[in-house]
Each structure stands twice: as structure tokens, then as C-alpha cells.
Amino acid sequence: QVQLVESGGGLVQPGGSLRLSCAPSGSIFSGNAMEWYRQAPGKERELVAAITRGGTTNYADSVKGRFTISLDNAKNTMYLQMNSLKPEDTAVYYCNANLYSVYSGTYFRNYWGQGTQVTVSS
């Protein structure tokens, strides 16, 4: 079964840090770009950060200088290091990527994980 699994969310105080992970299950990343999104209650899902296999990164203005996206090709895992967290960073964080099933040989475009909750509160 193909899955995209996020982990690392939780409750953190303002100014704290968290590192999110995103790893495919039953599949591998395919395509050239992988992305992190977030959705806060009552708001639309927004792009937080993106990375290409070559290491080119792009960030939303609201997280520049605080968040770092990275990709470990050997571990087939994407990360989002979040520092100096603010209450407005509270949201469900999702990763999105194209996947290739190692079992069926099927490609899946724009596959979403189930999300991981990040809550920033004192």
C-alpha cells in the first residue's frame, strides 16, 4: 500500500523548535520536487516550503529564516526543521510529492500525507 507518512508534530511553546519528517511507504519519491504545506483552522491550505532533488529550496515569506526544508535521498525522507515557532504557525502540516510504487510500478502524482498537527502555545 502506498502511503506518505508525516511525523514529528506536537505541542511546543512559542520560540521552540520541531522537526517534521515525511517518508513514503511502499513507494519512493519520484519527480523533481517535494513540498510541505500547512492548513490552519478556517484557512486554506498554503505552501510552506519546497525542495528539488538538486537542493533548490523555496519558502513562504512567513517562514523564511525560521524554517529549513531538506531532503535525504539515501533515506528517501524529507524534513522540515522549524525554529522560532510562533502561535500563527499552528496548523496541520502535510507533505506532498509524486511517488512511485515499488510493488505495482505505478506512479502517483501530487500524493498527500495524512498530516501532522503542530500546535504552538504557551
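Only this structure's heavy atoms are used, side chains among them; waters, hydrogens and symmetry mates stay out.
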*Do Arg38 and Tyr93 have side-chain atoms, one donor and one acceptor, less than 3.5 Å apart?*
yes
*Around Glu44, counting heavy atoms of other residues, nucleotides and ligands shown, do more than 12 lie under 6.0 Å from its CD?*
no
Throw together a table of side-chain donor-acceptor distances under 3.5 angstrom for residues 48-59, partners on residues two or more places apart or in other chains.
from: Thr52; atom 1: OG1; to: Gly54; atom 2: N; distance (Å): 3.3
from: Thr52; atom 1: OG1; to: Gly55; atom 2: N; distance (Å): 3.4
from: Thr52; atom 1: OG1; to: Thr56; atom 2: N; distance (Å): 3.1
from: Arg53; atom 1: NE; to: Gly31; atom 2: O; distance (Å): 2.9
from: Arg53; atom 1: NH1; to: Asn73; atom 2: OD1; distance (Å): 3.0
from: Arg53; atom 1: NH2; to: Phe29; atom 2: O; distance (Å): 2.7
from: Tyr59; atom 1: OH; to: Ile69; atom 2: N; distance (Å): 2.9

*pair Asp72-Tyr79: side-chain heavy atoms closer than 4.5 Å*: yes
*Taking C-beta and beyond as the side chain, do Thr116 and Val92 meet within less than 4.5 Å on heavy atoms?*
no
_Closer than 3.5 angstrom, by distance alone: can the side chain of Thr90 be matched with the main-chain N or O of Val120 as a donor-acceptor pair?_
yes
_Distance, nearest 0.5 Å, that separates CD of Gln1 from OG of Ser25_ = 7.5 Å
*Atom CG in Leu4, atom CD in Gln114: separation rounded to 0.5 Å?*
8.0 Å
*asked:* So does Pro24 get a backbone contact from the side chain of Ser27, meaning a donor-acceptor N/O pair under 3.5 Å?
replied: no
_Could you report the tightest heavy-atom contact between Gln39 and Ala91, atom names first, then the distance?_
O-CB, 3.4 Å
_salt bridge (charged side-chain N to carboxylate O under 4.0 Å, His left out) against Arg66, all qualifying residues, sequence neighbours excluded_ = Asp89
_Between Pro87 and Pro14, is there a side-chain heavy-atom distance shorter than 4.5 Å?_
yes
*Mark yes or no: Arg45 above the aromatic ring of Tyr37, with NZ or CZ under 6.0 Å from the six-membered ring centre and no more than 45 degrees from the axis.*
no
*asked:* Is it the case that the side chains of Ser17 and Asn83 hold a donor-acceptor pair, with the cut-off being a distance below 3.5 Å and no angle test?
replied: yes
*Might you point out which heavy atoms bring Phe108 and Ser101 nearest each other, and give the distance in Å?*
CE1-CB, 3.9 Å
_Just so I know, are the side chains of Phe67 and Leu80 near enough to count as touching, which here means a heavy-atom distance under 4.5 Å?_
yes
*Hey, is the main chain of Gly115 close enough, under 3.5 Å, to the side chain of Glu6 for a donor-acceptor pair?*
yes
*Starting from the C-alpha separation in whole Å, work towards a yes-or-no answer on side-chain contact (heavy atoms from CB on, under 4.5 Å) for Val12 and Thr119.*
CA-CA 6 Å; Val12 64; Thr119 303; over 6 Å; no
_Distance-minimising heavy-atom pair for Tyr107 and Ser30_ = CD2-OG, 3.8 Å
*Kindly give the heavy-atom pair with the smallest separation between Ser21 and Thr77, and that separation in Å.*
CB-CG2, 4.3 Å
*State, to 0.1 Å, how close Gly9 and Val118 come at their nearest heavy-atom pair, and which atoms those are.*
CA-CG2, 4.1 Å
*Over all heavy atoms of both residues, which pair between Gly26 and Tyr103 is shortest? Give the atoms and the distance, please.*
CA-CE1, 3.6 Å
*How far does CG of Asn96 sit from CE of Met34, to the nearest 0.5 angstrom?*
10.5 Å
_Within this structure, what is the CZ-CG distance for the pair Arg109 and Leu99, rounded to the nearest 0.5 Å?_
12.0 Å
_So, taking the atom named CG in Leu11 and the one named OG in Ser122, what distance separates them when rounded to the nearest 0.5 Å?_
9.5 Å
*Report whether Leu71 and Tyr94 are members of the same hydrophobic cluster (ILVMFWY, side-chain heavy atoms less than 4.5 Å apart, transitive linking).*
no
_Exam field: side chain Tyr111 to backbone Val2, donor-acceptor pair closer than 3.5 Å_ = yes
